[in-house]
There are 2 protein chains.
Amino acid sequence: MSDYEKVCLIRGDGGSAIRGILDRIGDKWSLLVIATLDGGRMRFGDLKQHVPGISQRMLTLTLRHLERDGLVSRTSYPEVPPRVEYELTGMGRTLVGPAVSLAEWAIRHNPIIDEKRRAYDARQS
Amino acid sequence: MSDYEKVCLIRGDGGSAIRGILDRIGDKWSLLVIATLDGGRMRFGDLKQHVPGISQRMLTLTLRHLERDGLVSRTSYPEVPPRVEYELTGMGRTLVGPAVSLAEWAIRHNPIIDEKRRAYDARQS
DNA sequence: CTGCATCCACACGGATACTG
DNA sequence: CAGTATCCGTGTGGATGCAG
């Protein structure tokens, strides 16, 4: 793939193809929830425990958005106490790959970026 | 790579390795600026024209952040009128690959997601 | 041309309390 | 257990005006 084609891919038609995906999973919790669900189907409480720091409200909202976009499926069982299980859809699972490549980049470059950042901040003071 | 290792990659130590990268390039403009700069070194005004819809303020802020993180280098020429050129650093260019894989995913699945979303919204009403 | 300062509207997200 | 409702602080980002 040529460099020009790469640019077009990211910028997309009208300059914002990447915007759609970032609006969907660029928020604070979506990718973490997706990664956690990649381990398999899980119920609400377990999910809340396995995503460190997420509030009940944000887990609910995040799951609603992911469900709306068809990335996560929701199954509720009419029992008392209620039981609800969430699971990645087929499309949801295909997102894990690209997300991982970004995560690998992050892990590889985090130390360098932190150093650059400290150096930059030092120059300002 | 096993599924479990994938999850660990995204969730990272303490559950937020992906958070760093999203905080860096998950904002509204960073990836678009990076993709645009992948075409080659460019000055402020050109950049503003080639990133559709970005305001002057946000372009400045975005470039500062990217420069701070060592993803973009800034060169200003002491002339009148002033001329400033921006360019991806080596590290900045390595980000284009993973970003492209995410963009490809977005382009491939955008139509499906839009359809799912419409269906979901229809069920609610 | 480049970019900083200011004001402001709005969405995100945390804390908390309440419900079936 | 699995939410919903409310309040509220904060950050993001757009518009505008000014400066070097």
Side-chain angles (χ1 to χ4, degrees), chain A residues 15-16 18-34 36-37 41-69 72-87 120 123-125, chain B residues 14-16 18-34 36-37 41-69 72-87 120 123-124:
Chain A
S16 55
I18 198 71
R19 284 255 44 80
I21 182 60
L22 282 182
D23 288 343
R24 273 166 193 125
I25 54 106
D27 61 25
K28 198 168 178 182
W29 300 109
S30 290
L31 265 185
L32 282 174
V33 169
I34 289 175
T36 305
L37 278 178
R41 111 178 347 213
M42 218 176 277
R43 47 191 303 188
F44 188 89
D46 296 335
L47 214 39
K48 180 155 163 37
Q49 283 196 325
H50 283 79
V51 179
I54 196 171
S55 65
Q56 198 178 36
R57 167 187 153 84
M58 288 318 294
L59 181 53
T60 301
L61 286 179
T62 302
L63 286 169
R64 287 293 167 280
H65 292 148
L66 294 177
E67 187 194 1
R68 183 164 108 106
D69 291 345
V72 159
S73 68
R74 186 191 119 113
T75 317
S76 87
Y77 300 86
E79 309 168 352
V80 277
R83 178 165 60 99
V84 181
E85 291 186 340
Y86 294 92
E87 189 178 18
Y120 183 94
R123 275 198 301 279
Q124 305 304 314
S125 59
Chain B
S16 56
I18 199 70
R19 284 254 45 80
I21 181 61
L22 282 182
D23 288 344
R24 270 164 194 128
I25 53 104
D27 61 25
K28 198 169 177 180
W29 301 108
S30 289
L31 264 185
L32 281 174
V33 169
I34 288 175
T36 305
L37 278 177
R41 108 176 352 213
M42 217 176 278
R43 50 188 301 188
F44 188 88
D46 295 335
L47 214 38
K48 180 154 162 36
Q49 282 196 325
H50 283 79
V51 180
I54 196 171
S55 67
Q56 196 177 39
R57 167 187 154 84
M58 289 319 295
L59 180 54
T60 301
L61 286 179
T62 302
L63 286 169
R64 287 294 164 280
H65 292 148
L66 294 177
E67 187 193 0
R68 184 164 107 105
D69 290 344
V72 159
S73 68
R74 188 189 117 114
T75 317
S76 85
Y77 300 86
E79 310 167 351
V80 276
R83 177 166 60 100
V84 181
E85 290 187 340
Y86 294 92
E87 190 177 17
Y120 183 93
R123 276 196 302 278
Q124 304 306 311

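Lettering of chains follows the sequences in order, A, B, ..., and the numbering in each one begins at 1.
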**OP:** Grab the CD-P distance between B:E67 and C:dC4 for me, whole Å please.
**Re:** 10 Å
Subject >> Separation of B:K48 NZ from B:M42 CE (nearest 0.5 Å) >> reply: 14.5 Å
**OP:** Report the distance from atom CD of B:Q56 to atom P of C:dA5, rounded to the nearest whole Å.
**Re:** 13 Å
**OP:** Hey, which sits more toward the 5' end of DNA chain D by its nearest nucleotide, A:P82 or A:T60?
**Re:** A:P82
**OP:** Can you sort out the partners of A:R68 under side chain to side chain donor-acceptor pair (under 3.5 Å), two or more places apart, ordered by chain and number?
**Re:** B:D121
Donor-acceptor pairs are to be reported for all side-chain atoms of residues 76-83 of chain A against protein atoms at under 3.5 Å, with residues two or more places apart or in another chain.
from  : atom 1 : to    : atom 2 : distance (Å)
A:Y77 : OH     : A:R41 : NH1    : 3.1
A:Y77 : OH     : A:E85 : OE1    : 3.3
A:E79 : OE1    : A:R83 : NE     : 3.4
A:E79 : OE2    : A:R83 : NH2    : 3.1
A:R83 : NH1    : A:E85 : OE2    : 3.4

Subject >> Rounded to 10 degrees, the angle between the two terminal axes of the helix from C:dC1-D:dG20 to C:dG20-D:dC1, each from five pairs >> reply: 40°
Original post:
Should B:T60 and B:F44 count as side-chain neighbours, where that means a heavy-atom distance under 4.5 Å?
Top reply: yes
Original post:
Who are the side chain to side chain donor-acceptor pair (under 3.5 Å) partners of B:S30, not counting sequence neighbours?
Top reply: B:D27
**OP:** Whole angstrom is fine here: how far is it from CD1 in B:I54 over to C1' in C:dT2?
**Re:** 14 Å
Original post:
Is the shortest heavy-atom distance from the side chain of B:L63 to the side chain of B:E67 under 4.5 Å?
Top reply: no
Subject >> Gap between atoms CG and C1', on A:L59 and C:dG13 respectively (whole Å) >> reply: 13 Å
Would you list the protein and nucleotides 6-11 of chain C atom pairs, both N or O, that sit under 3.5 Å from each other?
from  : atom 1 : to    : atom 2 : distance (Å)
C:dT6 : O4     : B:R57 : NH1    : 3.4

Subject >> Distance, rounded to the nearest Å, where B:R74 contributes CZ and C:dC1 contributes P >> reply: 16 Å
Subject >> Spacing of B:E85 atom CD relative to C:dC1 atom P, expressed in whole Å >> reply: 15 Å
Subject >> Phosphate OP1/OP2 of C:dG3 contacted by B:R64 side-chain N/O (<4.0 Å) >> reply: yes
Original post:
Roughly how far, to the nearest 0.5 Å, is the CG atom of B:L66 from the CD1 atom of B:I34?
Top reply: 5.0 Å
Original post:
Going by heavy atoms in the side chains, are B:L31 and A:L22 under 4.5 Å from each other?
Top reply: yes
Original post:
What are the 5'-most and 3'-most nucleotides of DNA chain D lying under 4.0 Å from any heavy atom of chain A?
Top reply: D:dC1 to D:dT6
Subject >> Atom pair CG/CZ of A:L59 and A:R64 - distance to nearest 0.5 Å >> reply: 9.0 Å
Original post:
In whole Å, what is the span from the CZ atom of B:F44 to the C1' atom of C:dC4?
Top reply: 11 Å
Original post:
Would A:V72 and A:E87 count as a side chain to side chain contact (heavy atoms under 4.5 Å, CB included) if you check the C-alpha gap in whole Å, the side-chain angles of each, and the deciding distance to 0.1 Å?
Top reply: CA-CA 6 Å; A:V72 159; A:E87 189 178 18; over 6 Å; no
Subject >> Pairwise 5' ranking along DNA chain D for B:K28 and A:G45, keeping only the more 5' one >> reply: A:G45
**OP:** With heavy atoms under 4.0 Å as the rule, sort B:Y77 into base, sugar-phosphate or nothing.
**Re:** nothing
**OP:** Examine C:dG13: is either OP1 or OP2 under 4.0 Å from a nitrogen or oxygen in the side chain of A:S55? Give yes or no.
**Re:** no
**OP:** Find the distance between NE2 (B:H50) and CG (B:L37) and round it off to the nearest 0.5 Å.
**Re:** 11.0 Å
**OP:** Could you tell me the separation between the OG1 atom of A:T62 and the CD1 atom of A:I25, rounded to the nearest 0.5 Å?
**Re:** 12.0 Å
**OP:** Quickly work out the B:K48 NZ to C:dC1 P distance and round it to whole Å.
**Re:** 11 Å
